[in-house]
Amino acid sequence: MKLIKKYKFLLVLLISIFISQNWINLFYISSRNPDFSKYYDYINYIFGLDVNIDYGHGLLYYFLISLVLSNYIEMINFSNLNIVISNSVFLINFLLYVVGLIGLYKLLLIKNVSKKNIYLSFTCLNFFPPILLARSVMKPEILGFCFFMWVVYFLE
């Protein structure tokens, strides 16, 4: 019981991450996003298809998605293509979000914010609509969130 009392806010944070990630995964398919077709060209480009990419985005984010997608390449068929792509996007976005949260956590610790307040604010952040959107669509903004937190941390 002492252990649960000591880590109750961390436990609430982990449960909120789990709930928000599963909620996104159950109720949203990233390949149904209106901008998906233009961003999917980046994935096709990385896989070697002859497509033009001229939107000015870097390739790192799409390369990470294509790495996950290439692990499932033999199980992809016409009926599950959207789900496999969507799960690949969700996994990369989730990992980038968690890495960004770790950077923000370290930054807030430097600023002497209590762990309880950090955990509670991260719990609220998990359900903040722009963060939910960034975690669910295939756009490189989540990569910006991840890197920005670490840049600010290292500048401090």
Side-chain angles (χ1 to χ4, degrees), residues 1-40 42-43 46 55 57-73 75-76 80-156:
M1 280 313 251
K2 280 186 176 183
L3 195 61
I4 290 176
K5 277 189 173 185
K6 183 177 180 181
Y7 294 109
K8 67 182 171 187
F9 294 107
L10 177 61
L11 184 63
V12 169
L13 171 64
L14 293 175
I15 289 170
S16 74
I17 289 173
F18 177 77
I19 289 171
S20 65
Q21 187 63 25
N22 283 322
W23 182 72
I24 291 169
N25 206 2
L26 286 173
F27 294 108
Y28 191 78
I29 297 175
S30 65
S31 59
R32 309 239 182 198
N33 185 11
D35 295 335
F36 177 78
S37 60
K38 71 179 180 181
Y39 296 123
Y40 188 63
Y42 284 92
I43 303 294
I46 290 170
Y55 297 111
H57 295 178
L59 289 177
L60 177 62
Y61 175 72
Y62 303 104
F63 176 72
L64 294 173
I65 292 174
S66 67
L67 281 177
V68 173
L69 195 57
S70 67
N71 288 328
Y72 301 110
I73 203 78
M75 67 182 280
I76 295 176
N80 69 357
L81 177 65
N82 288 334
I83 300 299
V84 173
I85 291 171
S86 189
N87 286 338
S88 300
V89 169
F90 291 155
L91 177 62
I92 291 300
N93 286 355
F94 175 72
L95 293 175
L96 291 172
Y97 176 68
V98 169
V99 169
L101 282 183
I102 293 169
L104 184 56
Y105 175 80
K106 292 173 109 12
L107 176 68
L108 292 173
L109 283 180
I110 287 175
K111 297 294 185 179
N112 295 323
V113 178
S114 71
K115 287 184 179 182
K116 172 187 165 188
N117 289 339
I118 294 172
Y119 296 150
L120 288 175
S121 62
F122 283 5
T123 300
C124 293
L125 189 65
N126 286 330
F127 297 104
F128 188 55
I131 294 294
L132 285 172
L133 180 68
R135 290 169 56 188
S136 56
V137 298
M138 185 167 71
K139 288 186 177 181
E141 283 86 0
I142 194 73
L143 187 65
F145 169 79
C146 174
F147 284 158
F148 181 72
M149 295 305 148
W150 284 100
V151 166
V152 173
Y153 169 73
F154 286 123
L155 287 175
E156 284 294 319

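All figures in this text were calculated on a predicted structure; none of them were measured in a lab. Residue numbers start at 1 and run along the sequence shown.
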So how far is it from Tyr119 OH to Leu108 CG, rounded to the nearest 0.5 Å?
11.5 Å

Partners meeting ring pair (Phe, Tyr, Trp, His ring centres under 6.0 Å) with Phe145 (sequence neighbours left out):
Tyr97

Under 3.5 Å, side-chain donor or acceptor atoms of residues 147-156 against the rest of the protein: list the pairs with distances, not counting sequence neighbours.
{"from": "Trp150", "atom 1": "NE1", "to": "Val99", "atom 2": "O", "distance (Å)": "2.8"}
{"from": "Glu156", "atom 1": "OE1", "to": "Lys111", "atom 2": "NZ", "distance (Å)": "3.1"}

Phe128 atom CZ, over 12 foreign heavy atoms within 6.0 Å
no

Applying side-chain contact (heavy atoms from CB on, under 4.5 Å) to Ser114 and not counting sequence neighbours gives Lys116, Asn117

Leu14 vs Leu10, test: side chain to side chain contact (heavy atoms under 4.5 Å, CB included). Steps then yes/no.
CA-CA 6 Å; Leu14 293 175; Leu10 177 61; 4.3 Å; yes

Would you check if the side chain of Asn93 reaches a backbone N or O of Val137 as a donor-acceptor pair within less than 3.5 Å?
yes

As an exercise, state the distance from OH of Tyr40 to CG of Asn33, rounded to the nearest 0.5 Å.
14.5 Å

Could you report the tightest heavy-atom contact between Thr123 and Phe127, atom names first, then the distance?
O-CD1, 3.4 Å

Approximate separation, where rounding is to 0.5 Å, of Leu125 CG and Leu120 CG:
12.5 Å

Do Tyr62 and Tyr42 make the cut of ring centroids closer than 6.0 angstrom?
yes

Hey, what do you get for CG (Leu101) to CD1 (Ile131), rounding to the nearest 0.5 Å?
8.0 Å

Quick one: list whatever passes side-chain contact (heavy atoms from CB on, under 4.5 Å) with Leu109, sequence neighbours left out.
Tyr105, Lys115, Ile118

How many angstroms lie between CZ in Phe63 and OG in Ser70, if you round to the nearest 0.5 Å?
8.0 Å

Residues which pass side-chain contact (heavy atoms from CB on, under 4.5 Å) with Tyr72, listed by chain and number, not counting sequence neighbours:
Val68, Met75, Val84, Ser88

Contacts of type ring pair (Phe, Tyr, Trp, His ring centres under 6.0 Å), residue Tyr61, not counting sequence neighbours
none

Please enumerate all residues that pass side chain to side chain donor-acceptor pair (under 3.5 Å) together with Ser16, with sequence neighbours excluded.
Asn126

Using side-chain heavy atoms (C-beta onward) and a distance below 4.5 Å, is Tyr39 in contact with Ile65?
no

Do any pairs count as a side-chain hydrogen bond (donor to acceptor under 3.5 Å, both in side chains) and have a residue in residues 129-140, sequence neighbours left out, and if so which ones?
Ser20-Arg135, Gln21-Arg135, Asp35-Lys139

Check ring pair (Phe, Tyr, Trp, His ring centres under 6.0 Å) between Phe94 and all other residues, then give those that pass, not counting sequence neighbours.
none

Once ring pair (Phe, Tyr, Trp, His ring centres under 6.0 Å) is applied, do any residues pair with Tyr28, and if so which ones, sequence neighbours excluded?
none

Counterpart residues, side chain to side chain donor-acceptor pair (under 3.5 Å), relative to Asn80 (two or more places apart)
none

What pairs with Lys6 under salt bridge (charged side-chain N to carboxylate O under 4.0 Å, His left out), at least two apart in sequence or on another chain?
none

OG/Ser66 to CD1/Ile85 distance, rounded to the nearest 0.5 angstrom?
11.5 Å

